[in-house]
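Inspection log for the structure reproduced underneath, given as structure tokens.
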Amino acid sequence: MKVLIVGSGGREHAIAAAVAKSRKVEKIYCAPGNAGIGQIAECVNIGAMEFDRLVAFAKEKEIDLTVVGMDDPLVGGIVDKFEAAGLEVFGPRKNAAILEGSKAFSKDLMKKYNIPTASYENFDTPKAAMEYLETSKYPIVLKADGLALGKGVLICNTKEEAMEGVRELMLDKKFGDAGNTIVIEEFMTGREVSVLSFVDGKTIKIMTSAQDHKRAQDGDKGLNTGGMGTFSPSPFYTKEVDAYCKKYIYQATVDAMAKEGREFKGIIFFGLMLTEEGPKVLEYNARFGDPEAQVVLPRMKNDIVEVFEACIHQTLDQIDLQFEDNAAVCVVLASDGYPVSYEKGFEIKGLETFKDKEDYYVFHAGTKMQDGKIVTNGGRVLGVTAKGKDLKQARANAYKAVEWIDFDNKYMRKDIGKAIDEA
Ligand code: AMP
Ligand code: GLY
């Protein structure tokens with residue numbers, strides 16, 4: 001089979017690495033890809049939003065399966081385009097990707113189908129939002145309805161902060177049209193867990209759990225980022241939590257989407273908060289998490305292409321999804337200054353150390369080839385993942401492996417997986 005992967009980050013590198021292990025696959029293409037993906041796939045210089053060019057490429061190369069890693073093309077309807085051209089593609093259609101594309105939609109869905117989540121109201125004018133804030137309890141959470149690179153969530157401690165937040169989102173349009181509507185919701189406390197799943201429209205199969213570290217600095221300080229590191233499994237995702245989510249959240253979400261005429265095929269990523277009242281949904285994503293994929297996929301035993309095909313052909317009930325009985329930790333190596341401003345173009349040294357080491361992975365996020373050398377080309381540069389027999393061992397291995405890599409302005413959090421010690 002020939003497989004095309006759409007995207008260019010650490011997540012797509014982790015997907016490509018899993019696809020490369022499939023017995024069924026003889027050739028992988030990635031659009032646009034990056035320097036690391038280029039070592040296992042042929043990268044093609046087509047952007048993830050250039051749907052017509054991607055379709056034309058897939059036809060020309062007789063691609064058997066396209067896998068879309070990123071949210072933007074999914075929400076923009078890339079799957080519909082491929083299907084209309086008679087091409088096999090993994091991911092939700094536009095009318096289902098709205099589960100991630102509109103937070104107002106997802107909140108209304110959860111309310112309608114009694115899926116546990118924070119209480120909330122949706123607003124499409126700043127005036128109504130500000131009136132509501134006059135009598136709210138603080139802290140409170142403001143969310144831009146649309147996609148905002150994971151940055152459209154504001155936690156406001158006071159009324160003044162919240163009013164300023166409404167101005168930023170709805171009047172200054174900090175995230176463009178994503179802020180035309182906002183969700184204002186109750187502030188919750190608890191541990192966060194990411195649970196990814198495969199869905200075929202009817203059946204849902206849950207992957208092993210993970211936890212992300214979204215803030216830029218140690219101790220969960222600093223700005224929100226795309227994710228600075230992950231570990232899997234989460235020791236806080238207990239059997240009880242799993243049973244509760246299976247009963248009230250996972251299948252309920254899939255069934256709700258089907259009832260709404262928005263059959264969901266692809267990945268549903270449940271961002272959960274384990275509150276005192278039980279697990280609640282913080283958000284849905286319609287794709288693998290990044291860097292969650294970088295700890296979950298290396299632990300998956302199945303042939304991922306078979307699972308993708310089962311989702312497309314609605315035979316997921318026949319798949320026995322299995323994960324290794326070990327643990328993995330991913331530490332993101334970023335450019336100092338991320339997520340605000342940073343320099344690019346520095347040579348990355350030490351990548352070859354990973355070549356013949358089982359249980360160690362270096363996934364490229366922001367890298368490119370320049371004059372025969374691999375150089376930094378983004379805020380998040382690499383994800384260094386290591387497995388171990390348990391979380392502590394995996395963490396020690398990951399922090400050993402980050403030392404193999406060197407580039408100017410290398411920055412990482414030193415406390416990825418610290419929560420393990422509290423479990
Ligand atoms: P989201 O993009 O909706 O997952 O939000 C990003 C981050 O904001 C989450 O990972 C949480 O840390 C935080 N957050 C979102 N919603 C809430 C909430 N209702 N209460 C507390 N924290 C929240
Ligand atoms: N790591 C969070 C996300 O992928 O949205």
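Sequential numbering from 1 along the given sequence is applied to the chain's residues.
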Salt bridge (Lys or Arg N to Asp or Glu O under 4.0 Å) assessment of Lys301 paired with Glu324: CA-CA 6 Å; Lys301 290 187 186 172; Glu324 294 169 359; over 6 Å; no
Working for salt bridge (Lys or Arg N to Asp or Glu O under 4.0 Å), residues Arg167 and Glu164: CA-CA 5 Å; Arg167 260 175 240 127; Glu164 182 52 35; 2.9 Å; yes
Worked check of ring-ring contact (aromatic ring centres under 6.0 Å, His included) between Tyr29 and Phe57: CA-CA 10 Å; Tyr29 295 94; Phe57 177 83; 5.2 Å; yes
Donor + acceptor pair across side chains of Tyr284, Thr253 (<3.5 Å): yes
Near-ring test Phe82/Phe51, centroid separation under 6.0 angstrom: no
Six-ring centre of Trp404, Lys349 cation under 6.0 angstrom, axis tolerance 45°: no
Criterion salt bridge (Lys or Arg N to Asp or Glu O under 4.0 Å) on Lys246 and Asp242, from CA distance to verdict: CA-CA 6 Å; Lys246 284 190 169 129; Asp242 184 59; 2.6 Å; yes
Heavy atoms of other groups near Lys205 NZ, more than 12 under 6.0 Å: yes
Lys344 NZ/CZ over Phe346 ring centroid, <6.0 Å and within 45° of normal: no
Any donor-acceptor N or O pair under 3.5 Å, side chains Asp212, Ser194: no
Results of ring-ring contact (aromatic ring centres under 6.0 Å, His included) for Tyr338 - residues two or more places apart only: none
Candidate pair Thr367 and Asn377, rule side-chain hydrogen bond (donor to acceptor under 3.5 Å, both in side chains), full reasoning: CA-CA 5 Å; Thr367 69; Asn377 190 40; over 6 Å; no
Asp80 side-chain N/O to Lys94 backbone N/O, donor-acceptor pair under 3.5 Å: yes
Lys/Arg cation over aromatic Phe323: Arg299, 6.0 Å, 45° cone: no
Polar contact flag, side-chain donor to acceptor under 3.5 angstrom, Asp108-Tyr120: yes
Between His213 and Phe231, ring centroids under 6.0 Å: yes
Whether over 12 other heavy atoms sit under 6.0 Å from Lys173 NZ: yes
